[in-house]
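Values below: all heavy atoms of this structure, side chains included; hydrogens, waters and symmetry mates excluded. In listed order, ligands and their atoms are each counted from 1. Just so you know, residue 1 is the first one in the sequence shown, and it goes up from there. Note that the structure is a prediction, hence the values are computed from the model and not measured.
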Amino acid sequence: YVMTNEGNESETELQQKRLPNALIIGIRKGGTRALLDSLARHPSVRACSRELHFFDEQDNYKRGLEWYRNQMPKSLKNEITIEKTPAYYVTQDAPRLIYNMSPDVKLLVIVRDPTVRAISDYAQIFDKYQGKIRPFEEYVTKNGTVLKYSKIVQTGVYITHLKNWLKYFPLEQILFVNGEELIKNPVPELKLVEKFLGLKPFIDEKLFYFNETKGFPCLVPPTQTNGEPTKSGCLSKDKGRPHPHVNEDVVTLLRDYYKPLNEDFYRTVSRNFQWP
Ligand code: A3P
């Protein structure tokens, strides 16, 4: 129990596990971990650190909503409980299942130039298979054309996936976060997220510093009161991997392929992300 000082002194508010009222649903390699960890610094945010893959993997979904709720950290009634699994955005059935959980859940999608996203996705797969995979160019093109149905390419067609979500959720319930901005200048982007989630303004410049070695913004570690060494506020080395060099013609093919799809996406969400 936590005593609240507001109103009735004897009033106690229960800390309990609750279903998320916000979800980071994608996109894979968009910066979902950075977004979750940054938001988790807000005193009214309770984040589930592990990707639960509840709405995209049937075996998990079969465990039921009570199981899902049990994975959440404890929270007070007015706090935000948030989970992230980037696979949700591209899962056909996820909008329906999430709607069935709670039609008013707030959805966050962090987007990034789909061509760069594809290369980042490849770099992750390359690591996973210790380099024993085909070159990037073969993953995304064949005989000078884009392989539209390859997973790496398809994940970046944000507009198609969005249409699937709009069957269940109004656009106002989905916030698109700019992944490039989250790297260059995270605070303004995070303030938009705070506002969207109805949180009190808390996130500011004092929360971040630019780590030259990492080459990314990192969270200022929380002050330690017990004299133990502070944890690095940078993400792990699998976030911000070097990207392989890619054949320029293949980059052009991908950019040309995504261009009209990106424009359709900008129009739909009323924000121009200006991907090259
Ligand atoms: P790269 O590894 O291609 O650089 P996700 O967490 O969704 O897998 O996204 C990973 C991406 O988050 C990284 O892609 C990186 O560019 C981006 N990112 C954003 N902010 C970051 C930060 N502060 N530290 C490290 N990576 C960050």
J.: Using 4.0 Å as the upper bound for N to carboxylate O, is an ion pair formed by E263 and K259?
T.: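 The answer is yes: the pair qualifies as a salt bridge.
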J.: Are E189 and R271 ion-paired here, with the side-chain N under 4.0 Å from a carboxylate O?
T.: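 Yes.
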J.: Do D56 and H53 have side-chain N/O donor and acceptor atoms under 3.5 Å apart?
T.: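 Yes, side-chain donor-acceptor contact under 3.5 Å.
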J.: For D37, is there an ion pair with R33 - N to carboxylate O distance below 4.0 angstrom?
T.: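 Salt bridge between R33 and D37, a charged N being under 4.0 Å from a carboxylate O: yes.
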J.: Quick one: ligand 1 N/O to protein N/O pairs below 3.5 Å?
T.:
from, atom 1, to, atom 2, distance (Å)
ligand 1, 2 (O), G240, N, 2.9
ligand 1, 2 (O), R241, N, 3.1
ligand 1, 3 (O), R112, NH1, 3.3
ligand 1, 3 (O), R112, NH2, 3.3
ligand 1, 3 (O), S120, OG, 2.7
ligand 1, 3 (O), H243, NE2, 2.6
ligand 1, 6 (O), T32, N, 3.4
ligand 1, 6 (O), T32, OG1, 3.4
ligand 1, 6 (O), R33, N, 3.0
ligand 1, 6 (O), K239, NZ, 3.0
ligand 1, 7 (O), K29, N, 3.3
ligand 1, 7 (O), G30, N, 3.4
ligand 1, 7 (O), G31, N, 3.1
ligand 1, 7 (O), T32, N, 2.8
ligand 1, 7 (O), T32, OG1, 2.6
ligand 1, 8 (O), K29, NZ, 2.9
ligand 1, 8 (O), K239, NZ, 2.9
ligand 1, 9 (O), G31, N, 3.0
ligand 1, 14 (O), R112, NH1, 3.1
ligand 1, 23 (N), P217, O, 2.8

J.: Among pairs that include at least one residue of residues 66-89, which meet salt bridge (charged side-chain N to carboxylate O under 4.0 Å, His left out), considering only residues two or more places apart or in two chains?
T.: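 The answer is R46-E79, E51-K84, E66-R69.
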J.: One thing to verify: whether R255 and D113 come together as a salt bridge, which I'm taking to mean a side-chain N less than 4.0 angstrom from a carboxylate O.
T.: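 Counted as a salt bridge, because a side-chain N and a carboxylate O are separated by less than 4.0 Å.
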